[in-house]
**Student:** 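I have a structure I would like to understand better, so I am pasting it below and will then ask my questions one at a time.
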Protein chains: 2
Amino acid sequence: MTQMTRKQREMEQRTREILRVARPILVGEGFQALSMERLASQMEYAKGTIYNHFPHKEEIVLALAVEAMELRRALFERAARIDGPTRVRLMAIGYACEFFTQSCTDDFLVEQWIRNNNIWDKSSEQRQNLIRQCEGCCMQIVSSVVRQAIENRDLVIPEAISPQEFVFGFWAINYGSQILTHSSPSLMSVGVLNPVQAIRVHCLTLLNGFQWAPMMSWQEYESTMAQIGPALESDFHTICADRNKMIDRNSDRNMVSQ
Amino acid sequence: MTQMTRKQREMEQRTREILRVARPILVGEGFQALSMERLASQMEYAKGTIYNHFPHKEEIVLALAVEAMELRRALFERAARIDGPTRVRLMAIGYACEFFTQSCTDDFLVEQWIRNNNIWDKSSEQRQNLIRQCEGCCMQIVSSVVRQAIENRDLVIPEAISPQEFVFGFWAINYGSQILTHSSPSLMSVGVLNPVQAIRVHCLTLLNGFQWAPMMSWQEYESTMAQIGPALESDFHTICADRNKMIDRNSDRNMVSQ
DNA sequence: GTCAATTTTTGACTCCGCGTCAAAAAAGTC
DNA sequence: GACTTTTTTGACGCGGAGTCAAAAATTGAC
């Protein structure tokens, strides 16, 4: 049994190793460049061995996306627990989005690939479910802040939408802006010089527009964001570091030291 | 010279024909499925002939995207000319976005592909410029409505952002929601049942939040949108039809009739 | 420590698509 | 009709996907 688990451990270990090698290829050179042969040769295994872990490269992409989304979820969880009124907690999640995109850019980019239908459709239902579930968790985290705000009477949302649809708006504006920022051929040349700040202004306007208490001026909003940063940053870095330790376990052949 | 132009016409004609065949493959089965061999055999030409028109499939994708974005621009142009206060004109552009996504879904999906870096980087600078330019036009159309609103004193935008950055917020929320709607693995199951309406509520809140006159209730907003629909729809259909005539020109060997 | 059974790894193989290019076919010219 | 130019063709070389039988390694019974 210990033997069994050792084997399993080794297997899992190598699975992680494959992902570790695959990630920068996918992010830096795209799906095309991510070939099983290349992974194999780069890791000094034969192609067949890689196929023992993943039935095709699409599955590798989804596996990478699961890691990425779990990191996002962990950041959201932490952000939602910040001290303060519900509105500040929502803003903290917004801050987490910014952080994720800017400090975990590779993961942000990996996440994009699941929107590719070819990749999505080809991969296993099991991993699809992991992703759906993770997306569900993220929604859950945010919408429970909204629900609490409603309970507290910090916020009244329009009848026309549900709390989740309320969240969807913020999801869309953040997500949209980040995708555009990372891939729009001409944002700068079109006159959008500071997309992050622009989106903050829009989020502020939305929150005020919905009258989510406490109402804020731009100055207040920015200074609140400026407090959120330091409050979360160190935890965020810990979360990232833990995740990376989990993922990178490449040198520790788990007893040998020295 | 007539000969020359006839040749050119035929060439161009076939280029369009290739795109016509390629579009449904790209949209329905993805980039992988779009192969030069397949195009060739489907059109009953040899592979080399296709290569005379496009140096690789990436270029085909960009060519399709140019067509798509030109349609979008035409819709925006028409929408921006609607009769009414500046705010209604912006809402009309929002309506155009909805229309484009829902009624020109293939073009909407084609547009997405240019965000793929592999495809973007591989294609010719010339076509990249066409796309950048078209994106610039769209931004231009929207931001000139904003600028006019400012001039008219219908709107005062925050100092922190430029008119383009103001537009960027709306771009992001629309774009983001549409991408999520088309590709999020779990929108419905996560509780977002009516994404279009949700985004309308957010846009209303944004416009009111910025105090873009005339301020509206949800009822007024919806009834305004309900008027915009019929006002534009027939022109929109004309625009689409013209575009398709332009693009489909597959049966008219331009003098032979009967 | 040996050996047969089991598990894992390997890489040769087939298939398919990309992109090239010399040769064949067609169109144009006089 | 003969010669030139343009266009089309498809065989070819390359490289990656995914398979699978054979080789290697591991296991555990004795």
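Just so it is clear, the values below take in all heavy atoms, side chains as well, and ignore hydrogens, waters and symmetry mates. Order of the sequence lines fixes the chain letters, A, B, ..., with proteins taken first and strands second; residue numbering starts at 1 for each chain. Given the structure is predicted, the values throughout are model-derived calculations rather than measurements.
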**Student:** Rounded to the Å, how far apart are B:M43 CE and D:dT9 P?
**Tutor:**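 Rounded to whole Å, this separation is 11 Å.
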
**Student:** Whether A:R9 and A:E12 form a salt bridge (side-chain N of Lys/Arg under 4.0 Å from carboxylate O of Asp/Glu) is what I want to check.
**Tutor:** no

**Student:** Just how far is it from atom CD of A:E135 to atom OG of B:S186, taken to the nearest 0.5 Å?
**Tutor:**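 Reported value, rounded in 0.5 Å steps: 3.5 Å.
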
**Student:** Between atom CD in A:E58 and atom C1' in D:dA17, what is the gap in whole Å?
**Tutor:** 10 Å

**Student:** Could I get the full list of salt bridge (Lys or Arg N to Asp or Glu O under 4.0 Å) partners for B:D242, not counting sequence neighbours?
**Tutor:** none

**Student:** Using atom names, set out every protein N or O paired with an N or O of nucleotides 7-9 of chain C below 3.5 Å, distance rounded to 0.1 Å.
**Tutor:**
residue: C:dT9; atom: OP1; partner: A:R14; partner atom: NH1; Å: 2.9
residue: C:dT9; atom: OP1; partner: A:R14; partner atom: NH2; Å: 2.7
residue: C:dT9; atom: OP2; partner: A:R14; partner atom: NH2; Å: 3.3
residue: C:dT9; atom: OP2; partner: A:N52; partner atom: ND2; Å: 3.4

**Student:** To the nearest 0.5 Å, how far apart are CD in A:Q133 and CD in A:E70?
**Tutor:**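 It comes to 8.5 Å.
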
**Student:** Taking the side chain from B:E111 and the backbone from B:A68, do they hold a donor-acceptor pair closer than 3.5 Å?
**Tutor:**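 Not a single qualifying donor-acceptor pair exists.
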
**Student:** Find the distance A:I50:CD1 to D:dG16:P and express it as a whole number of Å.
**Tutor:** 14 Å

**Student:** Are B:E10 and B:R14 close enough for a salt bridge, meaning some N to O gap below 4.0 Å?
**Tutor:** no

**Student:** Is there a donor-acceptor contact under 3.5 Å from the side chain of A:Q112 to the main chain of A:F108?
**Tutor:**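 Yes; judged by distance alone, with no hydrogens or angles, the pair exists.
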
**Student:** If we ignore hydrogens and angles and just use 3.5 Å, is the side chain of B:S184 paired with the main-chain N or O of B:T181 as donor and acceptor?
**Tutor:**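 It does not hold such a pair.
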
**Student:** Between protein and nucleic acid, restricted to nucleotides 14-18 of chain C and to nitrogen or oxygen atoms under 3.5 Å apart, what atom pairs and distances do you find?
**Tutor:**
residue: C:dC18; atom: OP1; partner: B:M36; partner atom: N; Å: 3.4
residue: C:dC18; atom: OP2; partner: B:M36; partner atom: N; Å: 3.1

